[in-house]
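Since we're looking at a predicted model, the values are computed, not measured.
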Amino acid sequence: MNISYSGVVIDDLTRSNLLAMLNNAIPMGWEVIAHHMTITMGPLLHRKGKHDFTHSYPPGSPVNLPVIAVGMDDRAMAVQVAPPAPISHKITFPHVTVAVNREGGGKPFHSNKIPPENFQNISHLGIVLKGTVVEVPQM
């Protein structure tokens with residue numbers, strides 16, 4: 001089975017709470033996602049040994065992701081999170097894509113392109129996203 005990506009998939013209650021908190025900030029017509037934080041593209045253990053995230057993120061293990069900041073541009077909205085261990089260096093910053101502007105050409109990967117100055121620190125709110133490490137198969 002080919003793995004599309006490995007990540008921390010956010011649980012339903014956490015997702016609902018995050019979306020309730022950000023409800024007024026998500027622009028009308030944007031597609032809500034708020035599904036996961038990517039650890040790496042492909043499997044946790046690279047088949048050629050380039051990386052191994054299985055010790056830091058064992059499949060099926062619970063993970064808490066404190067929310068640090070929220071930011072957006074004209075294509076995507078995301079929350080920056082503080083993972084318990086490093087993630088792939090190919091990911092600009094640890095985050096959960098909250099919503100995308102499909103009509104404006106937005107796709108989930110555009111979260112990586114949100115300028116740092118567009119983020120507002122919200123760590124004082126004490127929001128923690130709870131999820132589970134999953135290797136997501138390609139569809």
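To the nearest 0.5 Å, atom CG of residue Leu45 and atom CG of residue Asp52 are 4.5 Å apart. Rounded to the nearest 0.5 Å, atoms CZ (Arg75) and NZ (Lys107) are 10.0 Å apart.
When side chains are defined from C-beta on, Pro115 counts as touching Asp73, because their heavy atoms get closer than 4.5 Å. By the 4.5 Å heavy-atom criterion applied to side chains, Val81 and Pro66 are not counted as neighbours. Residues Val8 and Ile39 form a side-chain contact, since some pair of their non-hydrogen atoms from C-beta on lies under 4.5 Å apart. Contact of the Ile3 side chain with the Arg47 side chain is not registered, since no non-hydrogen atoms from C-beta on lie closer than 4.5 Å.
Placement of Leu19 and Met21 within a single hydrophobic cluster is found when ILVMFWY residues are connected by side-chain heavy-atom separations under 4.5 Å, directly or transitively. In this structure, Leu125 is a member of the same hydrophobic cluster as Leu22, with clusters built from ILVMFWY side-chain heavy atoms closer than 4.5 Å. Using a 4.5 Å cut-off between side-chain heavy atoms of Ile, Leu, Val, Met, Phe, Trp and Tyr, with links allowed through other members, Phe119 and Val70 fall into different hydrophobic clusters. Ile26 and Val79 fall within the same hydrophobic cluster, defined by Ile, Leu, Val, Met, Phe, Trp and Tyr side-chain heavy atoms under 4.5 Å apart, directly or through other members.
Closest approach of Trp30 to Met77, counting heavy atoms only: CZ3-N, 3.8 Å. When every heavy atom of Ala25 is checked against every heavy atom of Met72, the shortest pair comes out as O-SD, 4.1 Å. Taking every heavy atom of both residues into account, Ala34 and Leu18 meet most closely at CB-CD2, 4.4 Å. Taking each heavy atom of Met37 and Pro94 in turn, the nearest pair found is SD-CB, 4.1 Å. Among all heavy-atom pairs drawn from Ile114 and Ala76, the shortest one is CD1-O, 3.5 Å.
Partners of His95 under the side chain to side chain contact (heavy atoms under 4.5 Å, CB included) rule, at least two apart in sequence or in another chain, are Ala78, Ile91, Phe93, Thr97, Ser111, Asn112. Take Gln120 and apply the side-chain hydrogen bond (donor to acceptor under 3.5 Å, both in side chains) test, not counting sequence neighbours, and it matches no residue.
Side chain of Asn101 to main chain of Asp74: a donor-acceptor pair is present (N/O by atom type, distance under 3.5 Å, no hydrogens or angles). Put simply, the side chain of Ser56 never gets that close to the backbone of Ala85: no donor and acceptor are under 3.5 Å apart. Judged by distance alone, with hydrogens and angles left aside, the side-chain atoms of Ser61 form no donor-acceptor pair with the main-chain N or O of Tyr57 at under 3.5 Å. Without hydrogens or angle criteria, His51 side chain to Thr40 main chain gives no donor-acceptor distance under 3.5 Å. Between the side chain of Arg102 and the main chain of Gly29, no donor-acceptor pair closer than 3.5 Å is present. Between the side chain of Asn121 and the backbone N or O of Ala69, no donor-acceptor pair lies under 3.5 Å.
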inquiry  = For a side-chain contact (heavy atoms from CB on, under 4.5 Å) check, start with the C-alpha distance between Val67 and Ile122, then their side-chain angles and the critical distance, and finish with the verdict.
reply    = CA-CA 7 Å; Val67 174; Ile122 58 169; 3.7 Å; yes

task = Quick one: do Leu65 and Ile10 satisfy side-chain contact (heavy atoms from CB on, under 4.5 Å)? Show the steps, please.
result = CA-CA 9 Å; Leu65 299 169; Ile10 307 306; 4.1 Å; yes

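Between His55 and Phe53, the ring centre distance reaches or exceeds 6.0 Å. A distance below 6.0 Å separates the ring centres of Tyr5 and His36.
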Could you tabulate the donor-acceptor pairs under 3.5 Å formed by side-chain atoms of residues 127-139, not counting sequence neighbours?
from   : atom 1 : to    : atom 2 : distance (Å)
Glu135 : OE2    : Leu44 : N      : 2.8

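Side-chain contact annotation: Asn17 with Thr14, donor-acceptor N/O pair under 3.5 Å absent.
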